[in-house]
2 protein chains.
Amino acid sequence: MRKLARTLDVYPTAIYWYVPNRNAILAAVVDHALHDILPAAPSDDWRGWLRQLFHRYREGVRRHPNVAALAGAQLISNGGMRPQLIDQILTVLDSAGFQGADLRHAYNVVIAVMTGFVTMEFAPQPADDVPAWRDSVRNTFRSADAETYPVLARYLPDLENQAFVVRWQNGVDAPLDDSFDAYVDVAVHGLEMLASRVPSTQAAV
Amino acid sequence: MRKLARTLDVYPTAIYWYVPNRNAILAAVVDHALHDILPAAPSDDWRGWLRQLFHRYREGVRRHPNVAALAGAQLISNGGMRPQLIDQILTVLDSAGFQGADLRHAYNVVIAVMTGFVTMEFAPQPADDVPAWRDSVRNTFRSADAETYPVLARYLPDLENQAFVVRWQNGVDAPLDDSFDAYVDVAVHGLEMLASRVPSTQAAV
DNA sequence: ACCTGAACACCGTTCAAGT
DNA sequence: ACCTGAACACCGTTCAAGT
């Protein structure tokens, strides 16, 4: 708040004339970062529509990386997700054949998939002493005993800074584009399987 | 730190004799919460092993919900994920046939899946004025125009407090067990598809 | 209507001083 | 070796006072 006030050239307390509290600002920030992630009107290609949604969410966060931890890990940020987004996702899943409790589950899967990878990918670094922390991460894994952790030791060169946990930068400096593509493939194929076993489709069999 | 010191009946500054800073404690907390999530020695049933991993991670977070936002959305928490966990996941994916870059992608998918749903499910509520916030969420969706958002309006009774975004409690008070099961099914089937298209298996065709 | 300015009740962390 | 105690540089938020 104080920093924001400084950039606005007012006293910190002036902000409270326009906004009830800090959380309201955070929700508005999330809303702004995600305001244009919704794909064009849902077609009958629900797989393609979901793929677009996942990629557009990632683009929104990539443009405003500080919202990652907010949108993916804080309930306040729900205020930043518009009813239209929810309605469209439900519409698309409904068109995919999901109904009742199955639709709810599919919806929860979609939201979790949408936020999951990206929240981790753009997770903020520790604020202070970044170089020391980076070295300690590198060291933990490089000094990990090759006999105790043989597979890790073998793949370490491929993983360093390109794999979750085994990295010291986040998606801003070291994006995981290809892994994200694989992730979206996994989710869409998994949802396809889920759609194929809902009652309506089973009745058609 | 000050609250922790109070429960330890020491001055806040005494803590710094044992620990370099707050982040080190947070990493240790994550480590403790997740220390026993690793399934028994990897068998050849990599699907079953991954299912267990996902469920045990959720159990760990369910027992210590405050680590959700840490483990899923902050890079410091990487220090709380043990090399053994990484090595085992890589071992299992290797046994599933993943190699090279594909193994890295599968690994990233597994970590993202493991943390994604659960981070959102146990996302902390806003600290202050919980009832006011809860009413505002409820109101946002109940007053959402049924003509503008027809599908949302229709499914709202099924969704309220049981679906991401459309809720005012987190997994501590309103767990999403069935949706999580669907999520794990989606992930495992998706990974199965991914495994079936890696080079080694294509060569066998 | 909109902002200042003082004040309150907090933070994490340092460093010298005690025992 | 381990803790106290003062101090520093921060927070978000309130409320009365100004214009």
Side-chain angles (χ1 to χ4, degrees), chain A residues 1-33 64-80 122-137 139-140 168 170, chain B residues 1-33 64-80 122-137 139-140 168 170:
Chain A
M1 301 300 283
R2 291 176 120 101
K3 199 172 171 186
L4 172 61
R6 213 155 52 232
T7 74
L8 295 172
D9 258 315
V10 291
Y11 271 66
T13 55
I15 297 171
Y16 290 88
W17 179 258
Y18 300 91
V19 151
N21 53 46
R22 188 171 175 271
N23 280 340
I25 299 185
L26 296 182
V29 166
V30 171
D31 177 70
H32 175 259
H64 305 282
N66 291 337
V67 312
L70 228 52
Q74 300 288 142
L75 279 197
I76 358 140
S77 67
N78 288 2
F122 293 91
Q125 287 173 316
D128 38 47
D129 214 355
V130 178
W133 170 80
R134 187 194 55 214
D135 292 351
S136 103
V137 173
N139 228 289
T140 304
W168 45 88
N170 69 11
Chain B
M1 301 301 282
R2 291 175 120 100
K3 198 171 170 185
L4 172 60
R6 214 155 52 232
T7 74
L8 296 172
D9 258 316
V10 290
Y11 271 65
T13 55
I15 297 171
Y16 290 86
W17 178 258
Y18 299 92
V19 152
N21 54 45
R22 186 170 176 272
N23 280 340
I25 300 186
L26 296 181
V29 165
V30 171
D31 178 70
H32 176 259
H64 304 282
N66 291 338
V67 312
L70 228 50
Q74 300 289 142
L75 279 198
I76 358 139
S77 68
N78 289 1
F122 292 92
Q125 289 174 314
D128 38 48
D129 214 355
V130 178
W133 171 81
R134 186 193 56 213
D135 291 352
S136 103
V137 173
N139 227 289
T140 304
W168 46 86
N170 69 10

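Within every chain, numbering begins at 1; the chains are lettered A, B, ... in the order of the sequence lines, protein sequences first and strands thereafter.
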Seminar exercise, completed: Residues at least two apart in sequence or cross-chain that pass side chain to side chain contact (heavy atoms under 4.5 Å, CB included) with A/A69, listed by chain then number, are A/P124, B/A73, B/Q74
Exercise. If you look only at pairs with a residue in residues 11-22 of chain B, which of them pass as a side chain to side chain donor-acceptor pair (under 3.5 Å), with sequence neighbours excluded?
Worked result: none
Exercise. Choosing from D/dC2, C/dT4, D/dG12, which nucleotide comes nearest the side chain of A/Y11?
Worked result: C/dT4
Exercise. Given pairs defined as Watson-Crick or G-U wobble with both distances under 3.5 Å, what dot-bracket annotation applies to DNA chain C, with ( ) intrastrand, [ ] crossing, | other strand and . unpaired?
Worked result: ||.|||||...|||||.||
Exercise. Between A/D9 (CG) and C/dC3 (C1'), how many Å, whole number?
Worked result: 13 Å
Problem set entry | CG on B/D135 to CH2 on B/W168, rounded to 0.5 Å | 9.5 Å
Seminar exercise, completed: Rounded to the nearest 0.5 Å, the CG atom of A/N23 sits from the CG atom of A/L26 at a distance of 5.5 Å
Exercise. How would you list all residue pairs meeting salt bridge (charged side-chain N to carboxylate O under 4.0 Å, His left out) that involve residues 65-78 of chain B, not counting sequence neighbours?
Worked result: none
Problem set entry | Closest non-hydrogen atom pair, B/M1 against B/I15 | O-CD1, 3.5 Å
Exercise. Once you round it to whole Å, what is the distance between C1' of C/dC3 and OH of A/Y16?
Worked result: 15 Å
Exercise. How many Å lie between CD1 on A/I25 and C1' on D/dT13, as a whole number?
Worked result: 12 Å
Exercise. Whole Å only: how far is the OH atom of A/Y18 from the P atom of C/dA1?
Worked result: 12 Å
For this session: Hey, could you give me the CD1/CG distance between B/I25 and B/D31, rounded to the nearest 0.5 Å?
Result: 13.5 Å
Exercise. Which nucleotide in the list D/dT4, C/dT13, C/dC2 gets nearest to the side chain of B/A14?
Worked result: D/dT4
Problem set entry | With B/P65 via side chain to side chain contact (heavy atoms under 4.5 Å, CB included) - residues at least two apart | B/F122, B/V172
Check the interface with nucleotides 7-11 of chain D: list each N/O to N/O pair with the protein under 3.5 Å, or write none.
none

Exercise. What distance, rounded to whole Å, do you find between the two C1' atoms, one in D/dA16 and one in C/dC2?
Worked result: 15 Å
Exercise. Just how far, in rounded Å, is P of D/dG12 from CD1 of A/I15?
Worked result: 9 Å
For this session: Map A/N21 and B/V10 onto DNA chain D by nearest heavy atom, then report which one ends up closer to the 5' terminus.
Result: B/V10
Exercise. P atom, C/dA9 versus D/dA9: distance in rounded Å?
Worked result: 22 Å
For this session: Look at B/W17 and D/dC2 and indicate whether a side-chain polar atom (N or O) is within less than 4.0 Å of OP1 or OP2.
Result: yes
Exercise. What do the steps show when you test B/W133 against A/L75 for side-chain contact (heavy atoms from CB on, under 4.5 Å), and what is the final call?
Worked result: CA-CA 10 Å; B/W133 171 81; A/L75 279 197; 3.8 Å; yes
